[in-house]
Enquirer: 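Provided herewith is a single structure, encoded as structure tokens, for subsequent inquiry.
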Amino acid sequence: MELKLYDTLTREKRVFAPIDPQRVRMYVCGPTVYDFAHIGNARPAIVFDVLFRLLRHLAKQGVWDGGKGETAVTYVRNITDVDDKINARAAEEYPDLPLNEAIRKVTEKTDRQFHEDVAALGCLPPTVEPRATEHIAEMRMLIERLVEESHAYVAEDNVLFSVSSMPDYSKLSKRPLDEMIAGARVDVAPYKRDPMDFVLWKPSKPGEPAWPSPCGIAAPGRPGWHIECSAMSWKHLGEIFDIHGGGIDLVFPHHENEIAQSRCAFHTPVMANYWMHNGFLQVEGEKMSKSLGNFVTIHELLADWPGEVIRFNMLRTHYRQPIDWTTRGLEESEKTIDHWYEIVGDMALHADAHPDPVVLQTLCDDLNTPGTLTRLHAIAGEIRGPASGLRQIELKRRFKASAEFLGLLEATRGAYLEGHPRRKRIDRTIDHTRINALVEARTIARAAKNFAESDRIRNELAAMGVVLKDTKDGTTWEIAR
RNA sequence: GGCGACGUGCCAGAGUGGUUAUGGAGCGGUCUGCAAAACCGUUUACCCCGGUUCAAUUCCGGGCGUCGCCUCCA
């Protein structure tokens, strides 16, 4: 099986092959931990989680090491824990604490929340989750090297990367430099040699996080935003690696600058062989922003929707397409997940079950997740329709294995319904003893063919959010969908 | 202003140089005392204008429109 991935740098879909057949290396830009992660943050987390799962599967199949199946997959997703926004948030939330202590509180809390959120969305933990503040030494080494080789310079206690020192700067975003400057809305710091030069290191203000500066700068300072990813990917993946991912908004300037730093420091032709970018997300047709009041956090969504409904909703759209995130979409996704749980019920994943080959093949075409869901619908249809006997059992196992491969349907139906946040809320308002009594009364009424009474009870229960199902084995009830 | 992405049926959303995408909704039916769930059937497409081609929704050019980036951003 051949994996094809779209590469932003070359603007084409190419067959993926790792540099080292023994080890696939992927780096994805993670969150800056200053606030609840929003639904836009969830997209790369989910998209690259699917890719991680697929890479591990193909590695186990021996796709890259001649069938041995010993290829390791290293997935690095960083945590940015040094940033102006963090400092601002810390000062705002804990005005009475020393800034550094306040910052630690903010980053620890946000970090924990982020991990809870993405776990609820069915994302596996990455292999390594490096923190920027734990890689200051590597950043300083990179900066020293860049200055030594005249790719960077010191100016007023800042260290700046000299864009003109790199002939093919802006190759990733394909932006003509002169025109960018003309349209730029930034005030250019007077000490910059070129308006496009960007900060590698800057002096810290009193009270701010500070580390000894590189390049003989006496004043303590802190890193610029881009250098951390160059440092962390270098430390954990090496000078060149296979896949670098993130949101499409990071193409410029963040990834462009990472490339400049890493390539100039290591004298390499590329930083990563495949640059993958997920599309942006709108909320109910509008740009998500705090001022519009439509800022949707993962945490809030999880109060109403099961994590896998959110995940499914994300996977319905190809990762490079824009998504309009809507309640209607979530409702549709929930219907499908409900339906699919009806099919798998409480079955556990069978030891011999494998994901459907078509699902895998579709996924191998640049992560065509909507295509895989279509395939799952087709299998579901066969299970509910024509299939029977052994064929049906086989299909169900394959269905379950395929869904789990995508991080869906990992629970039992019972656990899913029980854990459903909205149903759980309704459940707390109802009296089970009373419902069972009403169901019993209705059964008696039905036996006596007193259908007026029977329907009255059904309506009474419906008003409470309880729906009845009459089967040949008796009447069961559950909380309405 | 520059760069980029995208425009598919009521909605969501794949894909393809010629053959039903799929899901949701709607409508009709099966089942049911009535329902629910499920199943079966069914309606509605490829922004506009040129070009290439035997054939274009699919390729090329132009136009229009939407969105994003160029400032922190997934």
Side-chain angles (χ1 to χ4, degrees), chain A residues 8 11 28-32 34-35 37-48 80 83-86 88 170 172-187 196 225 245-254 256 277-282 285-290 312-313 315-324 326 328-336 338-339 342-343 362 365 368-378 380-381 383-386 445-447 449-452 454-455 458-459 461-462 466-472 475-478 480-481:
Chain A
T8 308
R11 317 268 157 151
V28 174
C29 290
T32 301
Y34 72 104
D35 200 355
H38 54 72
I39 189 62
N41 295 304
R43 193 167 190 191
I46 292 170
V47 164
F48 292 104
T80 298
D83 182 273
D84 288 341
K85 291 193 294 295
I86 298 174
S170 89
L172 181 72
S173 55
K174 293 195 171 26
R175 284 158 201 262
L177 282 187
D178 46 342
E179 293 180 6
M180 238 186 321
I181 296 157
R185 286 173 274 168
V186 224
D187 290 331
M196 291 311 294
W225 172 38
I248 193 152
D249 56 313
L250 295 179
V251 171
F252 190 90
H254 185 54
E256 200 72 76
H277 295 98
N278 61 270
F280 239 58
L281 181 149
Q282 287 190 290
E286 286 185 305
K287 185 183 164 77
M288 179 167 66
S289 74
K290 282 179 180 167
F312 181 96
N313 198 236
L315 297 180
R316 286 168 73 189
T317 305
H318 183 84
Y319 77 94
R320 286 192 277 120
Q321 295 296 116
I323 294 187
D324 187 13
T326 63
R328 181 168 174 176
L330 283 164
E331 284 164 359
E332 284 183 19
S333 295
E334 182 171 288
K335 256 178 215 171
T336 303
D338 282 356
H339 180 201
E342 293 285 335
I343 292 171
T362 308
D365 181 13
N368 186 353
T369 54
T372 65
L373 300 179
T374 295
R375 174 63 180 169
L376 285 176
H377 273 121
I383 293 170
R384 300 311 288 258
R446 286 180 72 215
K449 299 219 186 296
N450 183 356
F451 295 124
S454 162
D455 289 347
R458 176 193 288 289
N459 291 338
L461 286 166
V466 170
V467 65
L468 298 174
K469 281 203 257 188
D470 295 326
T471 72
K472 51 183 177 297
T475 300
T476 62
W477 65 271
E478 60 187 42
R481 297 176 174 175

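This is a predicted model, so every value here is computed, not measured. To find a chain, count down the sequence lines: A is the first, B the second, and so on, and within it residues start at 1.
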Enquirer: Determine whether any donor atom in the side chain of A/Thr374 lies under 3.5 Å from an acceptor atom in the base of B/A21, or the reverse, and answer yes or no.
Expert: yes

Enquirer: Output the rounded distance in Å from NE2 (A/His254) to P (B/A74).
Expert: 9 Å

Enquirer: According to the Watson-Crick and G-U wobble definitions, with both distances under 3.5 Å, which nucleotide is paired to B/G61?
Expert: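 B/C49 is the nucleotide pairing with B/G61.
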
Enquirer: How long is the line joining CD1 of A/Ile323 and P of B/C67, in whole Å?
Expert: 17 Å

Enquirer: Quote, to the nearest angstrom, the C1' distance that separates B/C46 from B/C40.
Expert: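 The same atom, C1', in both gives a distance of 28 Å.
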
Enquirer: Is any side-chain nitrogen or oxygen of A/Asn41 closer than 4.0 Å to OP1 or OP2 of B/C73?
Expert: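 So the side chain of A/Asn41 is outside the cut-off, no N or O lying under 4.0 Å from OP1 or OP2 of B/C73.
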
Enquirer: Can you find a pair of side-chain heavy atoms, one from A/Asp249 and one from A/Phe280, that are under 4.5 Å apart?
Expert: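 Of all side-chain heavy-atom pairs linking A/Phe280 with A/Asp249, at least one is under 4.5 Å.
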
Enquirer: Applying a 3.5 Å limit to both distances, which nucleotide forms a Watson-Crick or G-U wobble pair with B/A5?
Expert: B/U66

Enquirer: When all nucleic acid strands are considered with a 4.0 Å heavy-atom cut-off, which category describes A/Lys287: base, sugar-phosphate, or nothing?
Expert: sugar-phosphate

Enquirer: Rounding to an integer number of angstrom, what distance separates B/U57 and B/C48 when you compare their C1' atoms?
Expert: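 Each nucleotide's C1' atom is 13 Å from the other's.
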
Enquirer: By the 4.0 Å heavy-atom rule, please label A/Ile39 as base, sugar-phosphate, or nothing.
Expert: nothing

Enquirer: Side chain of A/Gln282 only, please: which of B/A74, B/C67, B/C72 is the nearest?
Expert: B/C67

Enquirer: Could you measure between the two P atoms, the one in B/C67 and the one in B/A45, and give it in whole Å?
Expert: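 Going atom to atom, P in each nucleotide, I get 27 Å.
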
Enquirer: With side chains defined as the heavy atoms from C-beta onward, is the minimum distance between A/Thr317 and A/Arg43 less than 4.5 Å?
Expert: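 A side-chain contact under 4.5 Å exists here.
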
Enquirer: Going by centres under 5.5 angstrom and planes under 30 degrees, do the aromatic ring of A/Phe280 and the base ring of B/G68 stack?
Expert: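 A/Phe280 vs B/G68: stacking no.
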
Enquirer: Which value, in whole Å, describes the distance between the C1' atoms of nucleotides B/C27 and B/G68?
Expert: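 Taking atom C1' in both B/C27 and B/G68, they lie 40 Å apart.
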
Enquirer: Which label fits A/Trp225 and A/His254: parallel for a plane angle under 30°, tilted from 30 to 60°, or perpendicular past 60°?
Expert: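 Geometry flag for A/His254 against A/Trp225: parallel rings.
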
Enquirer: Nearest-nucleotide wise, let me know which of A/Gly371 and A/Asp249 is further upstream toward the 5' end of RNA chain B.
Expert: A/Gly371

Enquirer: Can you check whether A/Asp83 reaches A/Tyr34 side chain to side chain, under 4.5 Å on heavy atoms?
Expert: no

Enquirer: Can you name the one residue among A/Leu468, A/Val466, A/Thr475 that meets side chain to side chain contact (heavy atoms under 4.5 Å, CB included) with A/Arg458?
Expert: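 Per the side chain to side chain contact (heavy atoms under 4.5 Å, CB included) rule, the option paired with A/Arg458 is A/Leu468, out of A/Leu468, A/Val466, A/Thr475.
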
Enquirer: Determine the interatomic distance between C1' on B/U44 and the same-named atom on B/U53; round to the nearest Å.
Expert: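 Roughly 30 Å separates the two C1' atoms.
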
Enquirer: Rounded to the nearest Å, what distance is computed from the CZ atom of residue A/Phe312 to the P atom of nucleotide B/U22?
Expert: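 Between P of B/U22 and CZ of A/Phe312: 15 Å.
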
Enquirer: Treating A/Asn313 as the side-chain partner and A/Ser333 as the backbone partner, does any N or O pair qualify as donor plus acceptor under 3.5 Å?
Expert: no

Enquirer: Using the C1' atom as the point on both nucleotides, what is the distance between B/G2 and B/U19, in whole Å?
Expert: 44 Å

Enquirer: Please report the shortest heavy-atom distance between A/Ser454 and A/Ala445, naming the atom on each side.
Expert: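 Reported closest heavy-atom pair: N-CB, 4.1 Å.
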
Enquirer: Strictly under 4.0 angstrom, non-hydrogen atoms only: write out the protein contact profile of nucleotides 23-38 of chain B, one letter per nucleotide from the 5' end, B, S or -.
Expert: BBS-------BBBB-S

Enquirer: Give me the distance, rounded to whole Å, that separates B/A56 from B/G51 when you measure between the P atoms they each carry.
Expert: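 Roughly 11 Å separates the two P atoms.
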
Enquirer: State the pairing partner of B/A56; accept Watson-Crick or G-U wobble contacts with both distances under 3.5 Å, and report none otherwise.
Expert: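 Pairing partner, where one exists within any strand: none, as none qualifies.
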
Enquirer: When the distance from NE2 of A/His277 to C1' of B/C6 is rounded to whole Å, what number comes out?
Expert: 18 Å

Enquirer: Any idea which heavy atoms bring A/His277 and A/Leu172 closest together, and the distance?
Expert: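 Looking at all heavy atoms of both residues, the closest pair is CE1-CD2, 4.5 Å.
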
Enquirer: To the nearest Å, give me how far apart CG (A/Leu172) and P (B/C70) are.
Expert: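 It works out to 14 Å between those atoms.
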
Enquirer: Find out whether A/Ile323 and A/Arg316 are in side-chain contact, i.e. whether some heavy atom of one side chain is under 4.5 Å from a heavy atom of the other.
Expert: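 No, side chains not in contact.
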
Enquirer: Heavy atoms only, 4.0 Å cut-off, all strands: where does A/Gly329 land among base, sugar-phosphate and nothing?
Expert: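 Contact class for A/Gly329: none.
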
Enquirer: Send over the distance from A/Asn368 CG to B/G15 C1', rounded to a whole Å.
Expert: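 Rounding to the nearest Å, CG of A/Asn368 and C1' of B/G15 are 8 Å apart.
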
Enquirer: Using purine N1 to pyrimidine N3 plus N6-O4 or O6-N4 for Watson-Crick, or N1-O2 and O6-N3 for G-U wobble, both under 3.5 Å, which nucleotide pairs with B/U32?
Expert: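 Result: none.
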
Enquirer: Between A/Arg11 (side chain) and A/Thr8 (backbone), is there a donor-acceptor pair under 3.5 Å?
Expert: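 Yes, because the side chain of A/Arg11 sits within donor-acceptor range (under 3.5 Å) of the backbone of A/Thr8.
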
Enquirer: Using atom C1' in both nucleotides, what's the gap between B/A12 and B/A21 to the nearest angstrom?
Expert: 14 Å

Enquirer: Rounded to whole Å, how long is the line connecting atom CZ of A/Phe48 with atom P of B/A74?
Expert: 13 Å

Enquirer: Taking the nucleotide of RNA chain B with the nearest heavy atom to each, does A/Gly30 or A/Gln321 sit closer to the 5' end?
Expert: A/Gln321

Enquirer: Please determine, for B/U19, whether a Watson-Crick or G-U wobble partner exists with both distances under 3.5 Å, and give it or none.
Expert: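 Base partner found: none.
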
Enquirer: When we call it a touch if two heavy atoms are under 4.0 Å apart, what does A/His318 touch: a base, just sugar-phosphate, or nothing?
Expert: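 Result for A/His318 = sugar-phosphate.
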
Enquirer: Identify whether any heavy atom of A/Gly40 sits under 4.0 Å from a base atom; if not, whether one sits that close to sugar-phosphate; answer base, sugar-phosphate or nothing.
Expert: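 Here A/Gly40 touches the bases of the nucleic acid.
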
Enquirer: Expressed in angstrom and rounded to an integer, what is the separation of A/Phe252 atom CZ from B/A5 atom P?
Expert: 17 Å

